[in-house]
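Have a look at the structure below, then the notes.
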Amino acid sequence: MESSSTRQQAQAALAATVASLQSRARTELAELVAFKSVADEAQFPRSECEAAANWVAGALRTEGFEDVALLDTPDGTQSVYGYLPGPAGAPTVLLYAHYDVQPPLDEASWVSPPFELTERNGRWYGRGAADCKGGLIMHLSALRALKANGGVPVHVKVIVEGSEEQGTGGLERYAEAHPELLAADAIVIGDAGNFRLGLPTVTATLRGMTLVRVQVDTLEGNLHSGMFGGAAPDALAALIRVLDSLRAEDGSTTVDGLEDQGVWDGLQYPVENFREDAKVLDGVSLIGSGTVADRLWARPAVTVLGIDCPPVIGATPSVHASARALISLRVPPGMDAAEATKLLNAHLEKATPWNARVAVEQVGQGQPFRADTDSPAYASMAEAMRIAYPGEEMQTAGMGGSIPLCNTLAALYPDTEILLIGLSEPEAQIHAVNESVSPEELERLSLAEALFLGNYAESKR
């Protein structure tokens with residue numbers, strides 16, 4: 001039996017190795033961030049995603065992974081797979097990340113170029129630095145540290161998705177068609193984040209998501225607002241009414257038939273902390289009712305992601321014939337995303353005024369997820385995080401975002417333990433301008449993952 005002092009020495013050696021890998025981690029993250037891997041050919045060329053996928057495949061081969069493959073998934077994107085064999089009889093752990101990223105939004109609002117990793121104020125800035133290219137670097141650092149300190153104690157599968165941010169379901173459909181590929185005893189999803197910087201956190205729940213595009217048509221073509229305005233039905237005005245119907249006076253989401261009184265009974269999110277994290281302007285009220293945790297993790301939330309209409313500069317005095325919007329609806333565990341989509345579609349159609357023509361197209365969908373936090377893997381992770389974050393105990397929180405693959409994996413492998421960790425703490429500002437990652441968080445979580453793999457292997461002996 002390993003003595004306490006021997007174990008502590010091994011942990012210290014592992015921590016020292018992870019620390020020594022930080023320079024390499026930064027170099028590789030900079031290479032990854034440089035790829036404009038937005039999985040939408042209308043915004044960036046497909047070659048950017050292909051180049052990122054090839055980079056990932058090359059990194060896995062360099063680390064000795066076998067069966068490395070670029071998987072052509074049904075949505076037209078590529079996921080990268082690799083297998084690293086461990087000791088005979090050891091459990092298998094699947095490590096997940098994604099290399100695709102959100103578009104940079106307004107590039108002029110970035111302090112430094114979004115696709116150039118830049119160090120500033122102790123953080124590394126760049127699109128995908130935290131979500132989720134940094135997650136892949138976390139996995140690689142953990143494995144490298146283990147290899148340098150006696151070897152990786154488990155069989156490892158790695159899957160790096162190419163279209164998670166688009167929600168188009170390519171990897172989910174591929175996994176369903178090849179169920180043996182991602183089978184594992186435990187799965188670590190590296191696409192979540194700590195509740196706050198320096199507080200080790202696993203994510204227990206994820207909201208599901210439905211994404212729809214709604215289009216309103218009223219005229220055969222635009223008309224002069226002076227000659228026809230006042231009687232001609234304006235499609236943009238109709239769309240504005242439709243979108244306004246999705247919120248109550250206090251800003252709560254109101255979709256006809258959709259329950260909106262869920263309660264979160266776990267870790268709470270103080271209002272003052274949320275206002276600071278969300279950078280809410282002074283004097284501006286939060287929306288919704290209940291606690292902040294209720295609103296983020298236990299209730300549905302609608303967001304208008306974009307509207308197609310003329311910009312102010314260059315606009316003409318016209319009554320608009322057509323307008324459309326992209327709408328996201330997040331749904332908490334306990335709700336069915338498909339049913340929520342039906343209710344949303346029916347609501348949009350009913351709310352359309354003036355007998356205008358309305359068409360609703362589903363763009364993406366993913367079910368909510370709830371993890372089993374009483375599983376042995378969680379005990380192994382709690383012990384690992386206790387070492388990686390001295391003086392802190394692992395917390396369990398919800399996450400308002402969606403990772404549709406989680407439900408697919410849970411359905412395919414009902415006995416598999418699924419843990420969600422990652423680098424997307426509030427200061428990271430994922431999906432917004434000036435996304436960044438804390439190098440200290442990357443180091444601590446890389447160490448936590450390495451320790452977890454060792455703990456988990458021991459728990460299965």
Side-chain angles (χ1 to χ4, degrees), residues 56-57 59-60 63-71 73 79-99 132 135-136 138-144 146-147 151-162 164 170-192 202-204 206 367 369-384 403-422 445-446 448-461:
V56 175
L60 295 182
E63 295 306 316
F65 276 76
E66 302 175 356
D67 305 323
V68 176
L70 299 177
L71 310 177
T73 61
S79 292
V80 186
Y81 170 83
Y83 173 69
L84 183 68
T92 298
V93 178
L94 173 69
L95 305 179
Y96 167 92
H98 62 84
Y99 67 80
C132 176
L136 172 61
M138 175 184 73
H139 294 325
L140 291 174
S141 295
L143 295 175
R144 288 166 178 159
L146 287 167
K147 287 168 66 177
V152 180
V154 296
H155 304 289
V156 175
K157 294 181 178 180
V158 166
I159 187 71
V160 186
E161 189 173 3
E164 191 276 339
L171 182 55
E172 292 102 276
R173 305 293 83 78
Y174 192 96
E176 289 166 349
H178 306 83
E180 74 290 340
L181 185 71
L182 304 183
D185 297 286
I187 299 173
V188 178
I189 304 289
D191 192 24
V202 290
T203 298
L206 298 168
Q367 292 290 354
F369 171 79
R370 188 186 303 275
D372 176 12
T373 57
D374 294 326
S375 67
Y378 275 80
S380 295
M381 183 62 78
E383 181 183 349
I403 306 175
L405 181 66
C406 284
N407 271 86
T408 299
L409 296 176
L412 288 173
Y413 319 117
D415 296 327
T416 294
E417 303 167 82
I418 301 177
L419 302 95
L420 293 99
I421 63 172
L445 283 170
S446 298
E449 183 165 277
L451 291 167
F452 161 76
L453 293 174
N455 295 343
Y456 189 67
E458 287 184 14
S459 75
K460 292 293 183 178
R461 285 177 185 163

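Sequential numbering from 1 along the given sequence is applied to the chain's residues.
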Please, which pairs that meet side-chain hydrogen bond (donor to acceptor under 3.5 Å, both in side chains) have at least one residue in residues 370-381, sequence neighbours excluded?
Ser375-Glu417
Working to the nearest 0.5 Å, report the span between CG of Leu136 and CG of Leu60.
7.0 Å
Any side-chain heavy atom of Val156 within less than 4.5 Å of one from Phe65?
yes
side-chain hydrogen bond (donor to acceptor under 3.5 Å, both in side chains) against Tyr413, all qualifying residues, sequence neighbours excluded:
none
Aromatic plane relationship, His98 with Tyr96 - under 30° parallel, 30 to 60° tilted, over 60° perpendicular
tilted
Mind listing the closest non-hydrogen atom pair of Pro85 and Glu66 along with its distance?
CG-OE2, 3.6 Å
Is the backbone of Ala184 close enough, under 3.5 Å, to the side chain of Thr416 for a donor and an acceptor to pair up by distance?
yes
What side-chain hydrogen bond (donor to acceptor under 3.5 Å, both in side chains) pairs are there with at least one residue in residues 175-184, not counting sequence neighbours?
Arg173-Glu176
With a 3.5 Å distance limit and no angle check, can you tell me whether Lys157 reaches the backbone of Ala183 through a side-chain donor-acceptor pair?
yes
Taking only residues two or more places apart in sequence, or in another chain, which ones meet Ala57 in a side chain to side chain contact (heavy atoms under 4.5 Å, CB included)?
Arg61, Val68, Leu70, Val80
Taking all atoms of both residues into account, what is the closest heavy-atom pair of Ser141 and Ser446, and its distance?
CB-OG, 3.6 Å
Looking only at heavy atoms, what is the nearest atom pair of Pro153 and Ala90, with distance?
O-CB, 3.4 Å
Mind checking the CD-OG1 spacing from Glu172 to Thr73? Nearest 0.5 Å is all I need.
9.0 Å
If we ignore hydrogens and angles and just use 3.5 Å, is the side chain of His155 paired with the main-chain N or O of Leu84 as donor and acceptor?
no
Shortest non-hydrogen contact between Leu140 and Ala59, atoms and distance:
CD1-CB, 4.2 Å
Decide yes or no on side chain to side chain contact (heavy atoms under 4.5 Å, CB included) for Thr203 and Ile189, but give the supporting numbers first.
CA-CA 10 Å; Thr203 298; Ile189 304 289; over 6 Å; no
State the CG-CZ distance between Leu405 and Phe369, to the nearest 0.5 angstrom.
10.0 Å
Quick note, salt bridge (Lys or Arg N to Asp or Glu O under 4.0 Å) partners involving residues 403-414, not counting sequence neighbours, are none
Is there side-chain contact between Ile403 and Glu164, with at least one heavy-atom pair below 4.5 Å?
yes
Before you tell me yes or no, could you show the steps for Ile421 and Met138 under side chain to side chain contact (heavy atoms under 4.5 Å, CB included), namely the whole-Å CA-CA distance, both residues' side-chain angles and the distance that decides it to 0.1 Å?
CA-CA 10 Å; Ile421 63 172; Met138 175 184 73; 4.1 Å; yes
Taking the side chain as C-beta and beyond, is there a heavy-atom pair between Pro91 and Tyr456 under 4.5 Å?
yes
Which residue, Val202, Leu206, Asp191, forms the side chain to side chain contact (heavy atoms under 4.5 Å, CB included) with Leu420?
Leu206
Test log, rule side chain to side chain contact (heavy atoms under 4.5 Å, CB included), inputs Val158 and Val56
CA-CA 10 Å; Val158 166; Val56 175; 5.8 Å; no
For the student: nearest non-hydrogen atoms of Gly162 and Ser79, plus distance
N-OG, 3.7 Å
Could you pull out all residues at least two apart from Asp185 that satisfy side-chain hydrogen bond (donor to acceptor under 3.5 Å, both in side chains)?
none
Does a side-chain heavy-atom distance below 4.5 Å link Leu171 with Thr408?
no
Rounded to the nearest 0.5 angstrom, the NE2-CD1 distance for His139 and Ile159 is 11.0 Å
Nearest 0.5 Å, what's the CG-CG distance between Leu182 and Leu412?
8.0 Å
Side-chain donor or acceptor of Lys147 paired with backbone N/O of Glu63 under 3.5 Å
yes
Closest non-hydrogen atom pair, Phe452 against Ala377
CE1-O, 3.4 Å
